[in-house]
Amino acid sequence: MRIITRGAELRALSRRARQSGMTVGFVPTMGSLHQGHLALIRRARRENHRLAVSVFVNPLQFGPKEDYARYPRDEVRDVRLCRDAGCDWFFAPRARSLYPPGFSTTVSPGPLAERWEGAVRPGHFRGVATVVLKLLNLVEPDTLYLGQKDAQQASAIRAMVRDLDHPARVAVVPTVRDRDGLALSSRNVYLSADERRRAPGMIRGLREGRDLIRSGFRDPRTVLAKVRARIRDEARPDSIDYLALVDPATLESLGRIEGASLLIAAIRFGKTRLIDNLPVARPRSRRGRRG
Ligand code: AMP
């Protein structure tokens, strides 16, 4: 595995590989790697001749009061995990080289990025879209691998790739969870022991919502009221930033459950925010409708 800090070097390697008929897979991360990241890395490894993983804590996607400075970092361990997973190119650019003095152009995603995470974290998806486009332009991969864990991010990036005619294919990998259901996240290390015990209440709430839809409920308000009560009872968060049932592509709230949908939630324990989501397939039959 080659450790690369200069974008030009990675681009040259990737171009050479693709010119000789190989495919290149790319997994962008902010490091502090866990089994969720490794699921993306393993899938990309299986599906491509060459695999690039980037580790870059992107300052542009953090708000001024967010956790950029204290975001967990462990590059030595990340290098080892990537090497063990068969990564070819470990890309760890410095912030100064991606954003040199005079850097001023950014990507502004559309309305999809203004809702939910975008409303709570203004400018977040502009930062994400900008860095992902820069990385795509350096790596020039055939396929970009993203996690369902960050469903809104995946939708925003998909839309960017489509709208700006980037040739990369986007693959979204299912969320990897701990045994008690909590979605793996680099930010879980911020949780106190008590918060960690309560946190799976969020996914239990979302699963109850999915079960209600499967059993015939069609009114999002009824479903969401029950999910909210369950999350309040079991996770006992300091606040629920949002809880919604949305269209999986546009992230718009649904007025009625007819096709496939997505339950999304963000909760807070003190300063720690956790997000999660659960895709719900299109309900099968109209029998047993319960309002
Ligand atoms: P991050 O390092 O948090 O920016 O995440 C890098 C990539 O890993 C993103 O595409 C995430 O959606 C994905 N990811 C993070 N956590 C998980 C998880 N628990 N399961 C699947 N993918 C994940």
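Order of appearance sets the numbers: ligands from 1, and atoms from 1 within every ligand.
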In terms of residue, atom name and distance, what is the protein heavy atom nearest to [atom]?
atom                    : value
atom 12 (O) of ligand 1 : Asp150 OD2, 2.7 Å
atom 20 (N) of ligand 1 : Val176 N, 2.8 Å
atom 5 (O) of ligand 1  : His37 NE2, 3.4 Å
atom 4 (O) of ligand 1  : Met30 CG, 3.5 Å
atom 7 (C) of ligand 1  : Pro28 O, 3.7 Å
atom 10 (O) of ligand 1 : Gly147 N, 2.9 Å

Just by distance, with hydrogens left out, do [X] and [Y] show a side-chain donor and acceptor under 3.5 Å apart?
X      : Y      : result
Tyr242 : Glu117 : yes
Arg158 : Gln153 : no
Tyr145 : Glu47  : yes

Inspect the surroundings of CZ in Arg221 and state if more than 12 heavy atoms from other residues, nucleotides or ligands are less than 6.0 Å away. no
Is it true that atom CZ of Arg96 has more than 12 heavy atoms of other residues, nucleotides or ligands lying nearer than 6.0 Å? no
Going by the atom numbers of ligand 1, which of them fall below 4.0 Å from some non-hydrogen atom of Leu184? 16 (N), 17 (C), 18 (C), 19 (N)
Just let me know how [X] lines up against ligand 1, side chain, backbone, both or neither, with a heavy-atom cut-off below 4.0 Å.
X      : answer
Val27  : neither
Pro174 : backbone
His34  : side chain

Using heavy-atom distances only, which candidate in Ile157, Leu40, Thr175, Val173 approaches atom 22 (N) of ligand 1 most closely? Leu40
Distance-only N or O hit between ligand 1 and [X], under 3.5 Å:
X      : value
Leu146 : no
Ala183 : no
Lys149 : no

Is Arg198 salt-bridged to Asp194, going by a charged N under 4.0 Å from an acidic O? yes
Using a 6.0 Å distance limit plus a 45 degree cone around the ring axis, check whether Arg70 lies over the aromatic ring of Phe62. no
Think Arg94 forms a cation-pi with Tyr99, using NZ or CZ under 6.0 Å from the six-ring centre and within 45 degrees of its axis? no
Compare all side-chain heavy atoms of Glu75 with those of Phe90 and state whether any distance is below 4.5 angstrom. yes
